[in-house]
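Have a look at the structure below before the remarks.
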Amino acid sequence: MWVNQVKRAKSCLWKHFSRSPVYVFALVIIAISASCDSDDAEEKTVLRVITYPWIPDAADDQFASLDAFIEEDFESNFPDIDLQLRPISQSFGVYELEADNGSAGSIVRWLTNEVVSSDEHEGEQGYHLVEIDTLILDELLNRDLLRPWQDVSTSDWHQAGEDAVTLNGKVYGVPRLICGHFLFSRHQELTSAGTVDELITAINDSLPTDKRAISGNWLGSWNSTALYLDAWQDTYPQADINTAFGSTSGAVDLDDNVLAKLEKISALCQFDGANHCVDGTYDNWEDPHRAAREFGKGETYSMFGYSERLHYIAREAKKQSVQIDDVQLSSIPLGDGVMPILFADAFVMRKDCDSTCQAAAETFVSYFNSPRVQEYVLMSRDAGEDSIPRYLLPATRSAFTETELAKDRFYVELNKQIRDAKSYPNQNFYKVKDEAKCQIYTSLKAQPCE
């Protein structure tokens, strides 16, 4: 560390003292001071962390401002911990259990002792905390990568978040964010619908046919399978979601009634000879927010997606000078009722995190889940005071009530919609998602399954 400080000092001083003996003396003093600082730094507990990257880049700076805030603010409050945060823009491997060649994927390598490099932290050995989607919690546990959390308080957690991180009676994660599927529309008849059939009737009876009735993405093995589970829970609200894929023998047996409901609602996306929900138009990594932009501009009557789609809806509406005061939202009915289920993004701890590491980890998650920091991230403070909220959902109840979220009408409604929501399963999803996707694609008459 001190070598880099000397290099920076040398670059600066060269402009002013390169012809003077003072230059040499200044470098010696800086080197000694930096060396002392290095000795102090070595006494700190190093904590290497990866946060969940699939969030809106509110400041349009590749998350640089948010990265800087987290590191600087945390270390100013806890100077005995050297937080080494992997840049969010370099952390998109949190779903990669296997690489294309069959070797260990990014997330597995990050949670082991293999050397993992980034532009900021070159040559470091893995990470102590990684924020994951708990859909893959069992996969990480089966690979013997995780240590359970011992003394973390769960009193402020949404119940769905707590359920998502609990496996075999142990808590294997600390939830920070939760996420679900919502319907957005400027027509209350749609957002008040309680079943798929009621939504279809509302669309057919109250909307003109001059633009797409509903938009959103049905494709992708993670996405389509998750939508199926949401529809299944809507149809069988009292049933155990772990039975949603049918037989326990390993074969995927999807429910025909649920598939029929999904086919009916996906057909509502048909307009002008094309169904962008299933033909790949909205499933485009180069333009992932197209459906949100179209709705924001008023080009579609409704759209479905995660709550953070509101960020992009509001952005586009502001750009086009379109009002969003009349936009309503609800948990989208995908079956014979509405029983919201939620994903959870949670911090998991690598297995070899010792007692000192664990203490630092507990300090960090407590900090990150504090109302102050939740507000900073969710309200996009890194992008300026007048920025558009990210509209991510906090897994902590206090964030909804003790922050500026309590004054935002969308957050107030989102909190109401998810109050009694259940959790997505934290086991068996990864094993079945590809086979389930193919069955769903066939039912929806979507593009061929690959």
Kindly determine whether Lys351 and Asp144 satisfy salt bridge (charged side-chain N to carboxylate O under 4.0 Å, His left out), including the steps that lead there. CA-CA 7 Å; Lys351 186 176 182 180; Asp144 198 27; 2.7 Å; yes
Under the side chain to side chain contact (heavy atoms under 4.5 Å, CB included) criterion, do Leu129 and Val365 qualify, and how do the steps go? CA-CA 9 Å; Leu129 294 180; Val365 296; 4.2 Å; yes
Counting N and O atoms only, with roles assigned by atom type, does the side chain of [X] sit under 3.5 Å from a partner on the main chain of [Y], one being a donor and the other an acceptor?
X: Thr154; Y: Trp157; answer: no
X: Ser302; Y: Ser185; answer: no
X: Gln233; Y: Tyr236; answer: yes
X: Ser370; Y: Tyr367; answer: yes
X: Asp133; Y: Tyr52; answer: no
X: Asn168; Y: Lys170; answer: no
X: Asn223; Y: Asn217; answer: yes
X: Thr235; Y: Ala231; answer: yes
X: Tyr312; Y: Ala291; answer: no
X: Ser387; Y: Ser380; answer: yes

Where do Ile107 and Leu97 land on the side chain to side chain contact (heavy atoms under 4.5 Å, CB included) test, with the steps shown first? CA-CA 6 Å; Ile107 191 169; Leu97 289 163; 3.9 Å; yes
Take atom CG in Asp354; do more than 12 heavy atoms of anything else shown fall under 6.0 Å from it?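 Yes, because the 6.0 Å sphere around CG of Asp354 holds more than 12 heavy atoms from other groups.
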With Cys179 via disulfide (SG to SG under 2.5 Å) - residues at least two apart: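 Disulfide (SG to SG under 2.5 Å) list for Cys179, sorted by chain: empty.
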Between Glu435 and Gln439, is the side chain to side chain contact (heavy atoms under 4.5 Å, CB included) condition met? List the steps. CA-CA 7 Å; Glu435 184 178 346; Gln439 293 187 35; 3.9 Å; yes
Do you see a donor-acceptor pair shorter than 3.5 Å between the side chains of [X] and [Y]?
X: Arg109; Y: Thr112; value: no
X: Thr281; Y: Asp279; value: yes
X: Gln374; Y: Thr403; value: no
X: Ser398; Y: Asp156; value: yes
X: Asp240; Y: Asn242; value: yes

Ignoring hydrogens, what is the shortest heavy-atom contact between [X] and [Y]? Give both atom names and the distance.
X: Ala360; Y: Thr45; value: CB-CG2, 3.8 Å
X: Tyr282; Y: Ser215; value: OH-CB, 3.5 Å
X: Lys437; Y: Thr225; value: N-OG1, 3.9 Å
X: Ala436; Y: Leu254; value: O-CD1, 3.8 Å
X: Cys269; Y: His276; value: SG-N, 4.0 Å
X: Thr134; Y: Val165; value: CG2-CG1, 4.0 Å

In chain order, what residues pass the ring-ring contact (aromatic ring centres under 6.0 Å, His included) check against Phe364, with sequence neighbours excluded?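 Testing Phe364 for ring-ring contact (aromatic ring centres under 6.0 Å, His included), a comparison that skips the adjacent residues, returns Phe74, Phe347, Phe368.
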Can you name the residues that form a ring-ring contact (aromatic ring centres under 6.0 Å, His included) with Trp218, not counting sequence neighbours?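 Checked Trp218 against ring-ring contact (aromatic ring centres under 6.0 Å, His included); matches are Phe304.
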So among Arg86, Arg350, Gln84, Arg48, which one has a side chain to side chain donor-acceptor pair (under 3.5 Å) with Tyr127?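 With Tyr127 as partner, side chain to side chain donor-acceptor pair (under 3.5 Å) holds for just one option, Arg86.
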Under the ring-ring contact (aromatic ring centres under 6.0 Å, His included) test against Tyr306, which residue among His311, His181, His289 passes?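 The residue from His311, His181, His289 that satisfies ring-ring contact (aromatic ring centres under 6.0 Å, His included) with Tyr306 turns out to be His181.
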[atom1]/[X] to [atom2]/[Y] distance, rounded to the nearest 0.5 angstrom?
X: Met303; Y: Leu329; atom1: CE; atom2: CG; result: 11.5 Å
X: Glu72; Y: Asn77; atom1: CD; atom2: CG; result: 12.0 Å
X: Ile178; Y: Ile341; atom1: CD1; atom2: CD1; result: 13.0 Å
X: Lys422; Y: Met339; atom1: NZ; atom2: CE; result: 5.0 Å

Of all residues at least two apart in sequence or in a different chain, which pass the side-chain contact (heavy atoms from CB on, under 4.5 Å) check with [X]?
X: Gln270; answer: Asn275
X: Asp67; answer: Phe63, Leu85, Pro87, Ile88
X: Ser103; answer: Ala99, Asn101
X: Lys416; answer: Glu413, Arg419

Candidate list Asp256, Asp234, Asp336, test salt bridge (Lys or Arg N to Asp or Glu O under 4.0 Å), partner Lys261, passing option: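 For Lys261, the salt bridge (Lys or Arg N to Asp or Glu O under 4.0 Å) check succeeds only for Asp336.
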Qualifying ring pair (Phe, Tyr, Trp, His ring centres under 6.0 Å) pairs with a residue from residues 404-432, counting only residues at least two apart or across chains: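 Matches after skipping sequence neighbours: Trp222-Phe429, Trp222-Tyr430, Phe343-Tyr424, Tyr391-Phe410, Tyr391-Tyr411.
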Could you name each residue pair satisfying disulfide (SG to SG under 2.5 Å) that touches residues 394-450, not counting sequence neighbours?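 Qualifying pairs: Cys438-Cys449.
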Passes side chain to side chain contact (heavy atoms under 4.5 Å, CB included), Ile70 versus Tyr376? Steps please. CA-CA 10 Å; Ile70 295 170; Tyr376 186 94; over 6 Å; no
Please tabulate, one pair per line, all N/O donor-acceptor pairs under 3.5 Å involving side-chain atoms of residues 135-143, not counting sequence neighbours.
residue : atom : partner : partner atom : Å
Asp138  : OD2  : Asn428  : N            : 2.8
Glu139  : OE1  : Arg143  : NH1          : 2.8
Glu139  : OE2  : Lys431  : NZ           : 3.2
Asn142  : ND2  : Asp138  : O            : 3.1
Arg143  : NH1  : Glu139  : O            : 3.1
Arg143  : NH2  : Glu98   : OE2          : 2.7

Lys/Arg-Asp/Glu bridge criterion (N-O < 4.0 Å) met for Lys318, Asp386: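 No, Lys318 and Asp386 are not salt-bridged.
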Quick test of your reading: applying salt bridge (charged side-chain N to carboxylate O under 4.0 Å, His left out), list the pairs with at least one residue in residues 367-383, sequence neighbours left out, ordered by first then second residue.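 Qualifying pairs, neighbours excluded: Asp73-Arg372, Glu375-Arg381, Arg381-Glu385, Asp382-Arg390.
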Partners passing side-chain hydrogen bond (donor to acceptor under 3.5 Å, both in side chains) against Ser76 (at least two apart in sequence or in another chain):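 So Ser76 forms no side-chain hydrogen bond (donor to acceptor under 3.5 Å, both in side chains) with any residue.
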Parallel under 30°, tilted from 30 to 60°, perpendicular over 60°: which one fits the rings of Trp54 and Phe92?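 Ring orientation of Trp54 relative to Phe92: perpendicular.
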